[in-house]
Amino acid sequence: MIDPKLLRQSAADVAVNLARRGYKFDTVAYLLLEDRRKSLQMETESLQSERNSSAKSIGTAKAKGEDITSLLAAVENLRDRLTSSEAALQEVQSLLKDIELDLPNLLDDSVPDGKDEKDNAEVRRWREPSELRFKARDHIELGENLGLIDFEAASKISGSRFTVMKGPLARMQRALIQLMLDTHTEEHGYQETYVPYLVQAEALVGTGQLPKFEEDLFKTETETPFYLIPTAEVPVTNLARDAIFEADELPKRYVAHTPCFRSEAGSYGQDTRGMIRQHQFEKVELVHFVAAEDSMAALETLTGHAEAILQKLELPYRVVALCAGDVGFGSAKTYDIEVWLPGQKKYREISSCSNYNDFQARRMMARRRNPESGKPELIHTLNGSGVAAGRALIAVMENYQNADGSIRVPAALQRYMGGLEVISA
RNA sequence: GGAGAGAUGGCUGAGUGGUCGAAAGCGCUCCCCUGCUAAGGGAGUAAGGGCUAAUACCCCUUCGAGGGUUCGAAUCCCUCUCUCUCCGCCA
């Protein structure tokens, strides 16, 4: 959420910023509503004040044994006026809130202009794309030939966009997760967390998935619905909800491995084959809570932590700065890390690292105590995949394949796989 | 699933219709005292929102959440949620 104060004081500036995303902010409608809010709120609060003082004087008069009938008459219709004023105010406030929850975050000035992913700016590359001396197979062919990936079985059980994996391939995904968790906790200073996979709507409003992107989520039909988490970002970031951290508690870094569930509504026809885009996938997620002035530096650090995983796995990748039109709803700035997939001869997203600045913090009242003023102020939140395990598995399969269809186990993973060096049929 | 108890400020914990944003204690901050430390004395110490140039005044809201009664609710009534204890069941 954007600061409502900024919205009403500088609506035009906000509109200019959001227009870079292709978002049209109707400042006229907003300011009109805001005017009504202001007058209704002032009216309501003065009626409340009147109620409070009259109740107080009735109380004292009664205590002295004075006659209070005239005082009672004076406030006869006060309650009705107050009730209707309060109702009108509440209605306007909820309309404003709807608009505010719908507005994407302000973009950081450093975000490059552009409309879609084609305009993203490459920031750096690590290792050039690998050249194979034979025709590269994609992970689907590799996995099925080894008899270790079974899409048919998955579709029998659950339909499309699910995967069944077996044996050393299933284990390799687990090994990847272990490597990531160990690296982030032992080398990058993260605290490992275990969190719920089912969350309530409020948590998703806090991180920004709701109310706008409900169709991307799976939801239970229980009396109070649960949502399956689309990313560990949701439960982990909500650890800061309603909190006031002391200055010396920040920065906080959390890492969590969770499955992620996405309905992928609206992505029909994209990546329909294979494991790239699934309804269920495994991911290791990094989350930072930092003081406002530290968040841009933290984004660089966080991205570096995700890159370290790919470097350990010796997978060629590049980092791109998402352009204005491609940056996600709640993010002020995002780097995607794209890993090279020989089977597709393309770089594909394997991590997305974002600085949300105070956007999520404002939605969930996540604060720190400013050591100078002693006053609470919003923190900044960041998150990034460190990295997507399913896609990391794909990247290892395709980059470590041999001519005979077997797959070498990256050195960094061997200790997690009982010393296994090659996966073969 | 059954039975009971509870939810108040950073913490402990008083408060059954008015002057209660809320006693007391602890903690924390500042000051005094003390050669240092300890002990002691004094003052202060919730969050959100509105107004505003203002993190100054002033005003509003908040005692688990929502509704109701009342001139007036932490206190009375209703609904819900959560926590704890015991029993059952279970990974």
Side-chain angles (χ1 to χ4, degrees), chain A residues 1-11 13 30-31 33-101 194 196-203 205-206 220 222-227 235 238-250 259 291-293 358 360-379:
Chain A
M1 207 164 97
I2 297 174
D3 184 359
K5 257 185 183 159
L6 186 70
L7 288 178
R8 62 180 89 121
Q9 283 167 7
S10 319
D13 295 343
Y30 181 82
L31 292 175
L33 209 51
E34 170 53 29
D35 272 351
R36 281 189 60 206
R37 187 230 99 222
K38 185 167 175 170
S39 62
L40 278 171
Q41 181 158 352
M42 301 206 337
E43 176 190 319
T44 304
E45 289 186 358
S46 88
L47 288 172
Q48 285 171 331
S49 180
E50 198 181 328
R51 174 202 59 196
N52 292 344
S53 56
S54 61
K56 206 164 267 188
S57 46
I58 290 172
T60 43
K62 213 172 167 185
K64 286 188 221 149
E66 292 169 5
D67 180 40
I68 58 169
T69 47
S70 65
L71 286 170
L72 286 180
V75 296
E76 202 185 321
N77 61 1
L78 180 60
R79 188 159 38 140
D80 288 342
R81 285 190 291 146
L82 182 54
T83 305
S84 68
S85 179
E86 278 173 339
L89 174 62
Q90 202 178 16
E91 196 194 325
V92 170
Q93 275 177 330
S94 105
L95 289 171
L96 280 169
K97 187 92 187 220
D98 290 346
I99 294 174
E100 288 158 9
L101 287 176
Y194 172 79
Y197 303 161
L198 295 172
V199 298
Q200 301 203 353
E202 223 183 341
V205 172
T220 68
T222 42
E223 202 175 306
T224 49
F226 288 111
Y227 293 85
N238 271 279
L239 291 173
R241 167 121 128 253
D242 295 325
I244 302 178
F245 296 109
E246 294 306 322
D248 60 8
E249 290 181 87
L250 299 183
E293 61 269 23
D358 62 11
Q360 295 178 322
R362 183 169 290 108
R363 287 173 168 240
M364 52 190 180
M365 290 299 279
R367 292 153 295 167
R368 73 183 291 238
R369 197 167 294 284
N370 183 306
E372 276 82 50
S373 66
K375 296 289 176 200
E377 63 185 19
L378 295 173
I379 61 167

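Chain letters run A, B, ... following the sequence lines, proteins first, then strands; residues in each count from 1.
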### Task
Please confirm whether the backbone N or O of A:Leu6 pairs with a side-chain atom of A:Gln9, one donor and one acceptor, at under 3.5 Å?
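No: the side chain of A:Gln9 does not pair with the backbone of A:Leu6.
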### Query
Under 3.5 Å, is there a donor-acceptor pair between the side chain of A:Asn77 and the main chain of A:Asp80?
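Judged by distance alone, no pair lies under 3.5 Å.
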### Task
Could you walk me through whether A:Glu202 and A:Arg241 pass salt bridge (Lys or Arg N to Asp or Glu O under 4.0 Å), step by step?
CA-CA 10 Å; A:Glu202 223 183 341; A:Arg241 167 121 128 253; 3.1 Å; yes
### Query
With respect to A:Glu34, which candidate in A:Arg8, A:Lys97, A:Lys5 satisfies the salt bridge (charged side-chain N to carboxylate O under 4.0 Å, His left out) definition?
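Running salt bridge (charged side-chain N to carboxylate O under 4.0 Å, His left out) over A:Arg8, A:Lys97, A:Lys5 with A:Glu34 returns exactly one hit, A:Arg8.
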I need the [atom1]-[atom2] distance between [X] and [N], as an integer number of Å.
X: A:Leu78; N: B:C60; atom1: CG; atom2: P; result: 13 Å
X: A:Glu249; N: B:G10; atom1: CD; atom2: C1'; result: 11 Å
X: A:Gln48; N: B:C59; atom1: CD; atom2: C1'; result: 10 Å
X: A:Glu43; N: B:U61; atom1: CD; atom2: P; result: 15 Å
X: A:Glu86; N: B:G67; atom1: CD; atom2: P; result: 10 Å
X: A:Glu372; N: B:C30; atom1: CD; atom2: C1'; result: 17 Å
X: A:Glu246; N: B:A46; atom1: CD; atom2: C1'; result: 13 Å
X: A:Asp242; N: B:G9; atom1: CG; atom2: C1'; result: 15 Å

### Most 5' of A:Met365 and A:Thr60 on RNA chain B, judged by nearest nucleotide
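Counting from the 5' end, the first nearest nucleotide belongs to A:Thr60.
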### Of A:Met42 and A:Ile244, the one whose closest RNA chain B nucleotide lies more 5'
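By nearest-heavy-atom nucleotide position, the 5'-most residue is A:Ile244.
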Heavy atoms under 4.0 Å, any strand shown: does [X] hit a base, just sugar-phosphate, or nothing?
X: A:Arg362; answer: nothing
X: A:Ser373; answer: nothing
X: A:Lys38; answer: sugar-phosphate
X: A:Arg51; answer: sugar-phosphate

Between [X] and [N], is there a side-chain N or O to OP1/OP2 distance below 4.0 Å?
X: A:Asn52; N: B:U61; value: yes
X: A:Arg8; N: B:G50; value: yes
X: A:Ser49; N: B:C59; value: no
X: A:Arg37; N: B:G50; value: no
X: A:Arg369; N: B:A47; value: yes

Between [M] and [N] - [atom1] atom distance, rounded Å:
N: B:U12; M: B:A22; atom1: C1'; answer: 16 Å
N: B:U8; M: B:G25; atom1: C1'; answer: 16 Å
N: B:C89; M: B:U62; atom1: C1'; answer: 41 Å
N: B:G15; M: B:U29; atom1: P; answer: 31 Å
N: B:C30; M: B:U37; atom1: P; answer: 14 Å
N: B:G18; M: B:C76; atom1: C1'; answer: 15 Å
N: B:A47; M: B:U55; atom1: C1'; answer: 15 Å
N: B:G64; M: B:G72; atom1: C1'; answer: 23 Å

Assigned partner base of [N], Watson-Crick or wobble definition, under 3.5 Å:
N: B:G18; answer: B:C71
N: B:U45; answer: B:G27
N: B:U85; answer: B:A3
N: B:C63; answer: none

### Message
Do A:Glu377 and A:Arg367 have side chains that approach each other closer than 4.5 Å (heavy atoms only, starting at C-beta)?
### Response
no
### Message
Just by distance, no angles: are the side chains of A:Glu86 and A:Thr44 close enough, under 3.5 Å, to form a donor-acceptor pair?
### Response
no
### Selection from B:U55, B:G49, B:C71 that lies nearest to any side-chain heavy atom of A:Glu45
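Closest nucleotide to the A:Glu45 side chain: B:G49.
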### Nucleotide nearest A:Gln41 when distance is taken to its side chain, options B:C71, B:C51, B:G49
B:G49
### Query
Hey, is the side chain of A:Lys62 pairing donor to acceptor with the base of B:U19 inside 3.5 Å?
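Looking at the base of B:U19, it does not pair with any donor or acceptor on the side chain of A:Lys62 (distance under 3.5 Å).
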## Note on the structure
Correct closest heavy-atom pair for A:Glu100 and A:Pro4 would be OE2-CB, 3.9 Å
### Task
Would you indicate whether A:Gln90, at its atom CD, is surrounded by more than 12 heavy atoms from other residues, nucleotides or ligands within a distance under 6.0 Å?
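At most 12 heavy atoms, drawn from other residues, nucleotides or ligands, come within 6.0 Å of this atom.
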